[in-house]
Amino acid sequence: METPCQKIVWDLVPAIRASLAIELVKKGQSQAASAKLLEIAPSAVSQYISGKRGYRIEFQGETKELIEKLAQDLIENRVDDFVARICEICVSARGIENKCNNGCGQEEHIEDKKEDKI
């Protein structure tokens with residue numbers, strides 16, 4: 001049985017990284033520059049762009065907008081807490097109202113009011 005945490009780690013987080021890498025390249029960043037901004041290997045960016053890795057989820061709506069905004073903010077060096085921003089994207093993608101309770105930069109936590117969609 002696959003737990004929700006496994007789904008997040010194996011599917012959602014790589015898909016977020018893939019979307020960020022693709023968005024950075026769309027915005028004119030090289031694969032090497034995108035890798036540096038995301039603190040991942042250039043080969044990972046290449047695999048994200050080619051669809052060999054992190055391609056299982058296509059984001060839409062608010063989640064896509066958050067990814068696009070984070071990519072632009074990374075380019076403009078306006079990201080104070082990268083982990084908190086990824087957490088915000090994850091929460092949006094999962095369709096829940098709470099912030100993750102793992103100390104990822106959130107000041108207050110709200111109890112779940114919706115079921116996980118993953």
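As a basis for the values below, the full set of heavy atoms in this structure was taken, side chains included, without hydrogen atoms, waters or symmetry mates.
- Identified under the salt bridge (charged side-chain N to carboxylate O under 4.0 Å, His left out) test for residues 58-67, with sequence neighbours left out: none.
- Closest approach of Ser34 and Ala21 over heavy atoms only: OG-O, 4.3 Å.
- Glu68 places none of its side-chain heavy atoms less than 4.5 Å from the side chain of Lys26.
- Within the 4.5 Å cutoff, the side chain of Gln29 has no heavy atoms near those of the Leu74 side chain.
- Of all heavy-atom pairs spanning Ala93 and Leu12, the tightest one is CB-CD1, 3.8 Å.
- Across all their heavy atoms, Ala15 and Ile57 have their closest contact at CB-CB, 3.8 Å.
- In this structure, Gln72 and Arg78 approach most closely via the heavy-atom pair CG-NH2, 4.4 Å.
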Would you please test Leu20 and Ile86 for side chain to side chain contact (heavy atoms under 4.5 Å, CB included) and show each step? CA-CA 10 Å; Leu20 275 169; Ile86 294 295; 3.7 Å; yes
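- Every salt bridge (charged side-chain N to carboxylate O under 4.0 Å, His left out) that Lys27 has, sequence neighbours left out, goes to Glu23.
- Side-chain contact between Ile89 and Phe59 is absent, with no heavy-atom pair separated by less than 4.5 Å.
- Around the CD atom of Gln60, the shell of radius 6.0 Å holds no more than 12 heavy atoms that belong to other residues, nucleotides or ligands.
- Leu70 approaches Arg85 most closely through the heavy-atom pair CA-NH2, 3.3 Å.
- With sequence neighbours excluded, the residues forming a side-chain hydrogen bond (donor to acceptor under 3.5 Å, both in side chains) with Thr63 are Ser92, listed by chain and number.
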